[in-house]
Amino acid sequence: MATEGPATRRVQVAEYPRLLKLKEMFNSKFGSIPKFYVRAPGRVNIIGEHIDYCGYSVLPMAVEQDMLIAVEPVKTHTLQLANTNPLYPDFSTSANNVQIDKTKPLWHNYFLCGFKGIQEHFGLSDLTGMNCLVDGNIPPSSGLSSSSALVCCAGLVTLTVLGMNLSKVELAEICTKSERYIGTEGGGMDQSISFLAEEGTAKLIEFSPLRATDVKLPSGAVFVIAHSCVEMNKAATSHFNIRVMECRLAAKLLAKSKSLPWDKVLRLEEVQARLRVSLEEMLLITEDALHPEPYSPEEVCSCLGISLQELRTQILSPNTQDVLIFKLYQRAKHVYSEAARVLQFKKICEEAPDNMVQLLGELMNQSHVSCRDMYECSCPELDQLVDICRKFGAQGSRLTGAGWGGCTVSIVPADKLPSFLANVHEAYYQRSDRSLAPEKQSLFATKPGGGALVFLEA
């Protein structure tokens, strides 16, 4: 249940090769044994891209890849962070003076986000230190939420060290807010599924208030994740936050056009809620109220009756203040149509018609077209990979995660899976003109995994 905290499981570490290896590495690093371990999974978003921060429901599932942290509380007030991957250097800082540098999305800053979120939630100043060894097997910058999984894992580590209790929903909300310390204006899907996931089911995640509903996926199909081998770190680029601001401005202009108190509106969903109309009607209102040509900051100001200074300081986030064009029409069209596709997807899963896999695939294909053309968050490699996946038997394929790189997710009839994997591997990863690092080549079938957990050694 979402009202409960994450589960704690007693395990024989020797029976879990990954835990055992982590315990041994921890011992050689810190000269002691971990007191407990925490895992938080990554996720794949099946449908509902770039709409959580607009207030709309999304449909992800947790993957088995996760962040795993071995932890030992210590008497000093020092946080010592190490990573099993030599690419990520050790870091230490005072537990009572955590500084997060927004200009550099370094790995340890994501840990510090989760730590600081829990610290601030309880208003604590005198915090115990800890030694932590992090082991992640979610491909980084792949759109499978490696960074949010680390924030969530660190939040649960901190909560456990403090001996405090929070529900999964509270943890998800704290970790969503605290990831903004690194400058990402995300909407909460990644943190919510990391805590609220359950094995064997995808989830419809709704916001304000946060809740999760089971969505039973078709038994005759498999979801396959394929990495484009293009990395995109959303805290390191401004694409993501520009989209968040474009949606915010579109919401304000739509609200103004309907004589709503636009200064109070931040999300596209709020406009629909205040007008009490359907998503289909919101698409018509968008066509009526916004124009397809990009808006300049000056035009936005004249529409809202504010100064450039007010736009920059009161509406835009610090890293989007110098943007010169805003595509408000296209972004709003994507959000309202994608929100409708999520609800259709859930409805088809519930009704389970004979041609269910085909219908779900069509929705995923429409989602990709909208992400590519209206939201402009795809890239040539993702588009090529989606085409290859469809060519070799996927009923539907789309980018997943923020986009601009990362992964695709495809719905594949179970009987076509072996040939699909072989053909996609050959067509995308083994092409002679593609110099892809083997460690980035990932193509795998996935099923819905469970959420964040604490492991104690039995």
Atom of [X], atom of [Y] and distance for their closest heavy-atom approach:
X	Y	value
Phe26	Asn131	CE1-O, 3.6 Å
Leu399	Cys377	CD2-O, 3.8 Å
Lys168	Gly5	CE-O, 3.6 Å
Val224	Phe420	CG1-CE2, 3.7 Å
His227	Gly406	ND1-O, 3.5 Å
Pro139	Ser442	CG-OG, 4.2 Å

Should Lys177 and Glu173 count as an ion pair when the cut-off is N to O under 4.0 Å?
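Salt bridge: no.
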Answer yes when Glu338 and Arg341 have at least one side-chain N-carboxylate O distance shorter than 4.0 Å, and no when they do not.
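Arg341 and Glu338: salt-bridged.
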Measuring from [X]:[atom1] to [Y]:[atom2], what's the distance to the nearest 0.5 Å?
X	Y	atom1	atom2	result
Thr286	Leu254	OG1	CG	5.0 Å
Met67	Arg39	CE	CZ	11.5 Å
Leu150	Cys175	CG	SG	10.0 Å

With distance as the sole test, does [X] use its side chain to make a donor-acceptor pair with the main-chain N or O of [Y] at under 3.5 Å?
X	Y	result
Tyr53	Arg243	no
Ser194	Asp190	no
Thr400	Cys407	no
Asn137	Asp66	yes
Tyr428	Ser228	yes
Arg18	Asp135	yes
His108	Asp90	no
Ser410	Val412	no
Asn83	Tyr88	no
Glu270	Leu266	yes

Let's go through Lys216 and Glu350 carefully: what are the C-alpha distance in whole Å and the side-chain angles of both, what is the deciding distance for salt bridge (Lys or Arg N to Asp or Glu O under 4.0 Å) to 0.1 Å, and is it a yes or a no?
CA-CA 7 Å; Lys216 189 176 181 326; Glu350 285 167 350; over 6 Å; no
Please tell me if the side chains of [X] and [Y] come closer than 4.5 Å, counting only heavy atoms from C-beta onward.
X	Y	value
Phe115	Leu127	yes
Leu360	Phe345	yes
Leu453	Val38	no
Ser92	Gln80	yes
Leu284	Val277	no
Val134	Leu81	no
Phe223	Ile411	yes
His50	Phe240	yes

Around atom [atom1] of [X], are there more than 12 heavy atoms from other residues, nucleotides or ligands closer than 6.0 Å?
X	atom1	result
Glu64	CD	no
Glu426	CD	no
Arg274	CZ	yes
Tyr16	OH	no

Side chain to side chain donor-acceptor pair (under 3.5 Å) involving [X] - partner list, sequence neighbours excluded:
X	value
Glu49	Asn45, Arg398
Glu287	Lys333
Glu457	Lys23
Glu362	Gln358

Only pairs at least two apart or in different chains count here, so list each ring-ring contact (aromatic ring centres under 6.0 Å, His included) that has a residue in residues 158-208.
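Listed by first then second residue: nothing to list.
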For the pair Lys35 and Thr160, evaluate side-chain contact (heavy atoms from CB on, under 4.5 Å) and give the outcome as yes or no after the intermediate values.
CA-CA 11 Å; Lys35 180 109 181 280; Thr160 308; over 6 Å; no
Verdict with reasoning, Thr213 to Lys346, per side-chain contact (heavy atoms from CB on, under 4.5 Å)
CA-CA 10 Å; Thr213 315; Lys346 177 176 184 267; 4.3 Å; yes
Stepwise, does the side-chain contact (heavy atoms from CB on, under 4.5 Å) test hold for Tyr336 with Ile285?
CA-CA 11 Å; Tyr336 290 130; Ile285 290 168; over 6 Å; no
Do we see a donor-acceptor contact under 3.5 Å between the side chains of [X] and [Y]?
X	Y	answer
Asp383	His368	yes
Gln191	Glu179	yes
Glu72	Ser32	yes
Ser397	Arg390	no

Can you sort out the partners of Glu281 under salt bridge (charged side-chain N to carboxylate O under 4.0 Å, His left out), two or more places apart, ordered by chain and number?
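Partners of Glu281 under the salt bridge (charged side-chain N to carboxylate O under 4.0 Å, His left out) test: none.
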Walk me through it: do Met130 and Val157 pass the test side-chain contact (heavy atoms from CB on, under 4.5 Å)?
CA-CA 10 Å; Met130 49 179 137; Val157 162; 3.6 Å; yes
